[in-house]
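Only heavy atoms go into these numbers, but all of them, side chains included; no hydrogens, no water, no symmetry mates. Just so you know, residue 1 is the first one in the sequence shown, and it goes up from there.
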Amino acid sequence: MVPWLMVSAIQVAELSVSSVVHMFYGLYIFSSAVAGDLTQSLSESIFKPKSTIEVKQIDQEKTTDVNDLPPIVLVHGIFGFGKGRLGGLSYFAGAEKKDERVLVPDLGSLTSVHDRARELFYYLKGGLVDYGEEHSKACGHSQFGRFCEKGEYQEWDEDHPIHFVGHSAGAQVVRVLQQMLADKMFEGYENTNENWVLSLTSLSGALNGTTRTYIDGIQPEDGKSLKPISLLQICKLGVIMYDWIDIPWLKSYYNFGFDHFNMSRKKTGVRGLVDLLLGNAGPFAACGDWILPDLSIQGSMKLNASLQTFPNTFYFSYATKRTTKPLGMMTVPSGVMGIHPLLFIRVLQMSQWQFPRDIPLPYKGYRDEDWQDNDGALNTISMTHPRIPVEHSSLILRSDSDCLPLQPGIWYYKIVEADHIMFIINRERAGVEFDLIYDSIFERCRKHVFRKAPQTLPNEAQHQERGGQEE
């Protein structure tokens, strides 16, 4: 009895601390965005520049060259946001400024991989987001979502493919989107195929799920339902109340992406709120149409069972790791200073977590020790390349240059010493590593990944013209 009480007390204390830490970190991010916007508005009102009329001569040739480049689309992960949310805050910490043609879509931050993949398609092509009739009926939400009046890349097709960079769950979103393109799952677009995706770079990508979901509250028995008392139950309560109260200006600033579930008090009333809280309706109902079930090992296996690695697409993965095994003994965090305070305890928890022995293991050959290395959110083994239920072709690299010339249809991966949020939100944390990672990604997209002929970048075209003139 006493040991049980002690364990329960430790679990309650751990849940309390974790909840408070996550809440304060969320408030910190939100308040930072608000403070940045207020400072910018105040600065502009006080130091308002004099209006002047300036006639600029547009270099039509340079403009055309830039527009000919395939866009690089940065896809955010869980709790993430795109351009236009949280004011001037950048999820990718300003990495989008490193190239002349980068898009940063705003997708549901907690919606399922399926729903986010559908949103990403219509963000690029334009039109009314269609989540699919069969899927929508099964999950109890509207078939149609927001209207994307202007597709950000309407010419997108096999002859005008796209580079994708997905962080965390964003990588799996792109894989599902590519499979949907191959399976021609978008009504009215019969010409889609897998070759619309030129390359996919996975940055700390959730390619095989994570044991973090079980620690936070997903039941390891099914990888889908929630434990009665857990961090995710608190998260569920907060999300439901946020969407039910439905304050327009607040949701325009940050949105979890569940508008197609019609959870607003204006539509459901108090009775609808009760159904949402009891799990009789909404994304947290039995269907589990939200991101966390997709990130469990079982959920990822279900997704991966239908996802292919395509022969004409280039794949690259950065797997992050913040653990070490001193003297070949116990796996522990690899220091204190290099790990974000939010993630240090999480790294330790994940390195010690074991799958319960009284229930079936998630897949044949599962071993706890294989999943101990992690970055505080995802297990390193999950980030390298698709492994379960079928392992895809892969090649580990020590240096980015080891893979040149690149071959399509192979997952090149590199293990990097970093935690899960090292390369997002706060650029200063990563220091020079931030520039090395993103410069490498963008350079590979522009100079080493192509199907027909190498691309000529706008600045390179200018240098070539000057060289010709000098001769």
Could you tell me whether the side chain of [X] and the main chain of [Y] form a donor-acceptor pair under 3.5 Å?
{"X": "Arg118", "Y": "Asp130", "answer": "yes"}
{"X": "Ser168", "Y": "Gly77", "answer": "no"}
{"X": "Lys227", "Y": "Pro220", "answer": "no"}
{"X": "Glu119", "Y": "Val129", "answer": "no"}
{"X": "Lys224", "Y": "Ser296", "answer": "no"}
{"X": "Tyr412", "Y": "Gln407", "answer": "yes"}

Cut-off 3.5 Å, side chains only: do [X] and [Y] have a donor facing an acceptor?
{"X": "Arg116", "Y": "His76", "value": "yes"}
{"X": "Asn195", "Y": "Glu158", "value": "yes"}
{"X": "Ser112", "Y": "Asp289", "value": "yes"}
{"X": "Asn312", "Y": "Glu194", "value": "no"}

Please report the C-alpha distance between Arg146 and Asp259 in whole Å, then the side-chain angles of each, then the deciding distance to 0.1 Å, and finally whether the salt bridge (Lys or Arg N to Asp or Glu O under 4.0 Å) criterion is met. CA-CA 9 Å; Arg146 62 186 175 189; Asp259 291 344; over 6 Å; no
Working to the nearest 0.5 angstrom, can you tell me the gap between [X] [atom1] and [Y] [atom2]?
{"X": "Lys83", "Y": "Leu74", "atom1": "NZ", "atom2": "CG", "value": "11.5 Å"}
{"X": "Met263", "Y": "His141", "atom1": "CE", "atom2": "NE2", "value": "12.5 Å"}
{"X": "Thr111", "Y": "His260", "atom1": "OG1", "atom2": "NE2", "value": "6.0 Å"}
{"X": "Ile437", "Y": "Phe423", "atom1": "CD1", "atom2": "CZ", "value": "4.5 Å"}
{"X": "Arg85", "Y": "Ser109", "atom1": "CZ", "atom2": "OG", "value": "9.0 Å"}
{"X": "Ser382", "Y": "Asn374", "atom1": "OG", "atom2": "CG", "value": "11.0 Å"}

Could you walk me through whether Leu292 and Ile78 pass side chain to side chain contact (heavy atoms under 4.5 Å, CB included), step by step? CA-CA 9 Å; Leu292 264 299; Ile78 185 172; 3.5 Å; yes
Would Gln298 and Tyr363 satisfy side-chain hydrogen bond (donor to acceptor under 3.5 Å, both in side chains), going step by step from the backbone distance to the final call? CA-CA 8 Å; Gln298 294 97 322; Tyr363 63 88; over 6 Å; no
If you define the side chain from C-beta out and look only at heavy atoms, does anything of [X] sit under 4.5 Å from [Y]?
{"X": "Arg322", "Y": "Phe344", "result": "no"}
{"X": "Thr192", "Y": "Met180", "result": "no"}
{"X": "Asp375", "Y": "Leu343", "result": "no"}
{"X": "Gln372", "Y": "Thr380", "result": "no"}
{"X": "Lys321", "Y": "Met383", "result": "no"}
{"X": "Ile421", "Y": "Asp419", "result": "yes"}
{"X": "Phe355", "Y": "Trp371", "result": "no"}
{"X": "Val173", "Y": "Phe164", "result": "no"}

With side-chain hydrogen bond (donor to acceptor under 3.5 Å, both in side chains) as the test, would you mind laying out the steps for Asp373 and Thr323 before giving the verdict? CA-CA 6 Å; Asp373 284 327; Thr323 50; 2.6 Å; yes
Would Gln352 and Met330 count as a side chain to side chain contact (heavy atoms under 4.5 Å, CB included) here? Give the steps. CA-CA 8 Å; Gln352 304 303 311; Met330 186 172 66; 3.4 Å; yes
Take His114 and Asp294 through the test side-chain hydrogen bond (donor to acceptor under 3.5 Å, both in side chains) and record every step on the way to the result. CA-CA 9 Å; His114 174 280; Asp294 288 339; over 6 Å; no
Report the relative orientation of the aromatic rings in Tyr438 and Phe434; use parallel for angles under 30°, tilted for 30 to 60°, perpendicular for over 60°.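 Answer is tilted, since the angle falls between 30° and 60°.
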Kindly assign one of parallel, tilted or perpendicular to the pair Phe284 and Trp290, based on the angle between their ring planes and the thresholds 30° and 60°.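 Aromatic pair Phe284/Trp290 classed perpendicular.
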Compute the ring centroids of [X] and [Y], then answer whether they are less than 6.0 Å apart.
{"X": "Phe256", "Y": "Tyr254", "answer": "yes"}
{"X": "His340", "Y": "His420", "answer": "no"}
{"X": "His167", "Y": "Tyr91", "answer": "yes"}

Throw together a table of side-chain donor-acceptor distances under 3.5 angstrom for residues 196-207, partners on residues two or more places apart or in other chains.
{"residue": "Ser199", "atom": "OG", "partner": "His163", "partner atom": "ND1", "Å": "2.7"}
{"residue": "Ser202", "atom": "OG", "partner": "Gly205", "partner atom": "N", "Å": "3.3"}
{"residue": "Ser204", "atom": "OG", "partner": "Thr320", "partner atom": "OG1", "Å": "2.8"}

Please indicate whether [X] has more than 12 foreign heavy atoms, meaning atoms of other residues, nucleotides or ligands, lying under 6.0 Å from its [atom1].
{"X": "Arg398", "atom1": "CZ", "answer": "no"}
{"X": "Glu134", "atom1": "CD", "answer": "no"}
{"X": "Lys98", "atom1": "NZ", "answer": "yes"}

Let's go through Leu120 and Val73 carefully: what are the C-alpha distance in whole Å and the side-chain angles of both, what is the deciding distance for side chain to side chain contact (heavy atoms under 4.5 Å, CB included) to 0.1 Å, and is it a yes or a no? CA-CA 10 Å; Leu120 181 53; Val73 181; 4.3 Å; yes
Identify which one of Arg387, His392, Gln172 satisfies the side chain to side chain donor-acceptor pair (under 3.5 Å) criterion when paired with Asn304.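 In the set Arg387, His392, Gln172, the residue that makes a side chain to side chain donor-acceptor pair (under 3.5 Å) with Asn304 is Gln172.
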Please walk me through it: do Tyr253 and Asn255 pass side-chain hydrogen bond (donor to acceptor under 3.5 Å, both in side chains)? CA-CA 7 Å; Tyr253 210 65; Asn255 195 335; over 6 Å; no
Test side chain to side chain contact (heavy atoms under 4.5 Å, CB included) applied to Tyr366 and Asp368, step by step: CA-CA 7 Å; Tyr366 172 89; Asp368 287 322; 2.8 Å; yes
